[in-house]
Amino acid sequence: MTLTGPDRVLAAAPAQPTQALADLAPPAGLSPAQPSAELSAPADERAAWWREAVIYQVYIRSFADGNGDGIGDLLGIRTRLPYLRALGVDAVWITPFYPSPMADGGYDVADYCAVDPLFGTLGDFDALVAEAHAAGLRVIVDVVPNHTSDRHQWFTEALAAEPGDAARGRYIFRPGKGEHGELPPNDWESVFGGPAWTRIVERDGTAGEWYLHLFDPAQPDLNWHNPWVREQFEQVLEFWLDRGVDGFRVDVAHGMIKQHGLPDVGYSGQITMLGNAVLPYFDQDEVHQIHRSWRRILDTYPGERIAVAEAWAPSLERLAAYVRPDELHQAFNFHYLGTPWEAQPLRTVIDQSLGTARLVGAPSTWVLSNHDVQRHVTRYGGGETGQRRARAAALLMLALPGSAYVYQGEELGLEEVFDLPAELLQDPQRFRSADGSSGRDGCRVPLPWNGAVPPFNFTPLGIADGWLPAPAHWAARTVEAQWQDPDSMLGLYREALRLRREHPALGDGALEWSPSPAGTLVFTREPGFVCTVNTGSEPVALPAPGTPVLASGPFELGADAAGQASVVLPPDTAVWWVRSASD
Ligand code: NOJ
Ligand code: CA
């Protein structure tokens, strides 16, 4: 007999909405004054929660707008906490909401201990932490230590000072080369394109020193050899820890220390976002001293406060150094994100990730998308193919041992948006890149919540447009359109997250591969859980390893010639199975 997969599976284990859709609407009359976050803690006090947490990335500008100006904010996040809770994630990481001229979407911070009025107030932040904790969600915030905004008071003071003054010593100023200092001090390039140096005009009006900026000129790099800088950031961490945050995502955690002498690289085309090149301005051994000192601070707070490194390291071995027991807790696995949808490379990167993390006793992490890369539905081919692969990739990722990051909107199957009006684009990478690429705005389009027309209730009552327009066809991809549909991408994520929380084999731990045909992955998580994946372009027959509990798409169960249960996995399909003692 042949059974059709999803119908059978979903009939056996229906996705139970844990919450009526009406509950997802912004609660009326949210009062901004809420209990202090300081003493509140998430309901779930599992030890080492972070070793298996599913952490949802909120790109604040594009998640939900609470005050109707078309830009996402803290109030918007508060109104959508019921959604995040019902989705089934463990924590939210919120991208920077600090005062900023927004030259790089808030990654140019002008004050590390305040909230930009665009996003709300410190009171809103405290209320958000308290409400998130009450809902069992942890809160991780970004810290941006490699560079400040050029409008930060420290940089203003540096510009006003004389060459050689202490205020200049907080940043990386150098005289230029050439007869009149007209050439940059070395050949380093900015991640966003062009030289990594900008020349300033001194107070007396003469052309002066150059300062280093590995990103935009509006993001001058700090001098982390200066103890004063280190002390300032220790205070920043304590400021947010005292307000109850559960951890930090550390921006450019590999970049704070530059090689002594600032030697030339010797070639051009040095870096790409999330790249792996060996460079004198990234992944220097001394950077680990900083992370050790930060870990000491985190460990003085109760409740396992964590830090996750955004570190671009040339190898998984180098990346593992950031998560040694006395350093940070997690590092993003960009090697996994960059792996194509092919069984063999995926197996290799999974093995290497688990192997190197194990060497230092850390959990591995998994990520498919974030606010810096093209959305993975699009990277995987777009359209039906991209959706099919993204569904299978979600089940693969959520079955792997360790912690996973979900970027807002991937649970809705959102694709990259390419046809944004040029006058609305904001990403500095786009403006500085020589290849005219569309930059990162296309993965940052405001989320579609409900309704039939843009901006799909991204703003309350839809009274303003979102800061970037959502495509009209996202009407079929809103939270509302997918919530009750177990076959939707959202239905798949909800059910996968529910099973992941319930099944003892999932989360932290290990996996064991089973032999399987080319183009497929089959692994077991004990006790009694199996994941099968076909990344190839042809259907593949496998022995059925148990009872199917969730599938990314239709599949067929049958029996082989010897009467053993078998499964035919179509292309780009993943199935989760549970095995009982009798299987
Ligand atoms: C990494 C962040 O994710 C990215 O958005 C930002 O542009 C750079 N760091 C610079 O802060
Ligand atoms: Ca707003």
* To do: Indicate yes or no: does Arg249 engage Glu310 in a salt bridge with an N to O separation below 4.0 Å.
  => yes
* Where is the tightest heavy-atom contact between Arg151 and Ser149, given as atom of each residue plus distance? -> N-OG, 2.8 Å
* Structure fact -> Hits for salt bridge (Lys or Arg N to Asp or Glu O under 4.0 Å) against Asp108, two or more places apart or cross-chain, chain-then-number order -> none
* Asked: Any salt bridge between Asp285 and Arg318, counting N to O under 4.0 Å?
  -> yes
* To do: Could you give me the CA-CA distance, side-chain angles and deciding distance for Asp187 and Gln270, then say whether side-chain contact (heavy atoms from CB on, under 4.5 Å) is met?
  => CA-CA 10 Å; Asp187 69 354; Gln270 294 162 12; 4.0 Å; yes
* To do: Could you please spell out the steps behind the side-chain contact (heavy atoms from CB on, under 4.5 Å) verdict for Asp246 and His133?
  => CA-CA 10 Å; Asp246 300 287; His133 285 176; 2.7 Å; yes
* Structure fact -> By salt bridge (Lys or Arg N to Asp or Glu O under 4.0 Å), Asp221 pairs with (sequence neighbours left out) Lys258
* Does the gap between the ring centers of Phe125 and Trp240 come in under 6.0 Å? -> yes
* To do: Please work out which of the three classes, parallel, tilted or perpendicular, describes the rings of His371 and Tyr407, given edges at 30° and 60°.
  => tilted
* Between Asp116 and Ser100, is there a donor-acceptor pair closer than 3.5 Å when you use the side chain of the first and the backbone of the second? -> yes
* Pro145 versus Phe248: any side-chain heavy-atom pair under 4.5 Å? -> no
* Measure across Val109 and Gly106 and return the closest heavy-atom pair with its distance rounded to 0.1 Å. => CG2-O, 3.6 Å
* Asked: So, the side chain of Asp65 versus the backbone of Gly70: is there a donor-acceptor pair under 3.5 Å, distance only?
  -> yes
* Considering residues, nucleotides and ligands other than Gln153, do more than 12 of their heavy atoms fall under 6.0 Å from its CD? -> no
* Heavy atoms, side chains only, cut-off 4.5 Å: are Ile306 and Trp49 in contact? -> yes
* Donor-acceptor pair between His213 and Thr198 side chains, under 3.5 angstrom -> yes
* **Asp142-Tyr107 side chain donor-acceptor pair, cut-off 3.5 Å** => yes
* Asked: Hey, is the main chain of Arg324 close enough, under 3.5 Å, to the side chain of Glu327 for a donor-acceptor pair?
  -> no
* Candidates Phe215, Tyr211, Trp154, Phe155 - the one meeting ring pair (Phe, Tyr, Trp, His ring centres under 6.0 Å) with His147 -> Phe215
* Asked: Going by heavy atoms in the side chains, are Phe334 and Asn370 under 4.5 Å from each other?
  -> yes
* Asked: What about Tyr112 and Phe233, are their ring centers closer than 6.0 Å?
  -> yes
* Just by modelled atom types, is the Arg375 backbone N or O under 3.5 Å from a matching donor or acceptor in the Glu416 side chain? -> yes
* With distance as the sole test, does Asn223 use its side chain to make a donor-acceptor pair with the main-chain N or O of Gly169 at under 3.5 Å? -> yes
* To do: Name all residues meeting the side-chain hydrogen bond (donor to acceptor under 3.5 Å, both in side chains) criterion together with Glu209; count only those two or more places apart in sequence or in a different chain, and write none if there are none.
  => Arg168
* Asked: Salt bridge check: are Arg170 and Asp165 linked by an N-O gap of less than 4.0 Å?
  -> no
* Structure fact -> Value for CG (Leu137) from CD1 (Ile55), rounded to nearest 0.5 Å, stands at 11.5 Å
* Before giving the answer on side-chain contact (heavy atoms from CB on, under 4.5 Å), spell out for Glu189 and Ser268 the whole-Å C-alpha distance, their side-chain angles and the decisive distance to 0.1 Å. => CA-CA 8 Å; Glu189 292 173 350; Ser268 60; 3.1 Å; yes
* Check the angle between the aromatic planes of Trp188 and Trp197 and answer parallel, tilted or perpendicular using the 30° and 60° thresholds. => tilted
* Asked: Between Asp126 (side chain) and Gly123 (backbone), is there a donor-acceptor pair under 3.5 Å?
  -> no
* Asked: With the threshold set at 4.0 Å, does a side-chain nitrogen-carboxylate oxygen contact exist between Arg295 and Asp326?
  -> no
* **Rounded distance (nearest 0.5 Å) linking atom CZ of Arg51 with atom OG1 of Thr365** => 12.0 Å
* List the atom of Ala307, the atom of Val250, and the distance in Å for their closest heavy-atom pair. => CB-CG2, 4.2 Å
* Heavy-atom closest contact (Asp69 atom, Ile71 atom, distance) -> OD1-N, 3.0 Å
* More than 12 heavy atoms of other groups within 6.0 Å of Arg358 CZ -> no
* Going through the distances and angles, do Arg78 and Asp73 end up as a salt bridge (Lys or Arg N to Asp or Glu O under 4.0 Å)? -> CA-CA 9 Å; Arg78 288 171 62 193; Asp73 48 37; over 6 Å; no
* Specify the closest pair of heavy atoms between Asp150 and Thr156, including all atoms of both residues, with the distance to one decimal. => O-OG1, 4.3 Å
* Asked: Just by modelled atom types, is the Arg379 backbone N or O under 3.5 Å from a matching donor or acceptor in the Glu415 side chain?
  -> no
* Beyond-backbone contact of Ile94 with Ile77, side-chain heavy atoms, under 4.5 angstrom -> yes
* Is there a donor-acceptor pair under 3.5 Å between the side chain of Trp210 and the backbone N or O of Gly181? -> yes
* To do: Start with the C-alpha distance between Asp242 and Tyr301, add both sets of side-chain angles, then the distance that settles side chain to side chain donor-acceptor pair (under 3.5 Å), and finish with yes or no.
  => CA-CA 9 Å; Asp242 288 343; Tyr301 283 80; 2.7 Å; yes
* So do the side chains of Ser403 and Gln330 get within less than 4.5 Å of each other, counting heavy atoms only? -> yes
* Side-chain donor-acceptor contact under 3.5 Å, Gln235 with Glu231 -> no
* Asked: Does a salt bridge link Glu162 with Arg203, judged by any charged N lying under 4.0 Å from a carboxylate O?
  -> yes
* Structure fact -> Looking only at heavy atoms, the pair that brings Ser364 and Asn333 closest together is OG-ND2, 3.9 Å
* Asked: Under 4.0 Å between a Lys/Arg side-chain N and an Asp/Glu carboxylate O for Arg138 and Asp90?
  -> no
* Asked: Using 4.0 Å as the upper bound for N to carboxylate O, is an ion pair formed by Arg440 and Asp104?
  -> yes
* **Reported CD-to-CD distance for the pair Glu234 and Gln232, which is rounded to 0.5 angstrom** => 10.0 Å
* **Residue from Tyr281, Tyr322, Phe332, Phe282 passing ring pair (Phe, Tyr, Trp, His ring centres under 6.0 Å) with His254** => Phe282
* To do: Return yes if some donor-acceptor pair links the side-chain N/O of Ser369 with the main-chain N/O of His376 below 3.5 Å, else return no.
  => yes
* Quick one: pull up CZ in Phe119 and CG in Leu74 and give me the separation to the nearest 0.5 Å. => 8.0 Å
* Distance-only polar pair, side chains of His329 and Glu304, donor-acceptor under 3.5 Å -> no
* **Approximate separation, where rounding is to 0.5 Å, of Asp111 CG and Thr148 OG1** => 11.0 Å
* For Leu400 and Leu354, run side-chain contact (heavy atoms from CB on, under 4.5 Å): C-alpha distance rounded to whole Å, both residues' side-chain angles, the deciding distance at 0.1 Å, then the answer. => CA-CA 9 Å; Leu400 293 173; Leu354 293 170; 5.7 Å; no
* Quick one: pull up CG in Leu237 and OG1 in Thr300 and give me the separation to the nearest 0.5 Å. => 10.0 Å
* Asked: Does Tyr59 offer a backbone N or O that forms a donor-acceptor pair with the side chain of Gln408 under 3.5 Å?
  -> yes
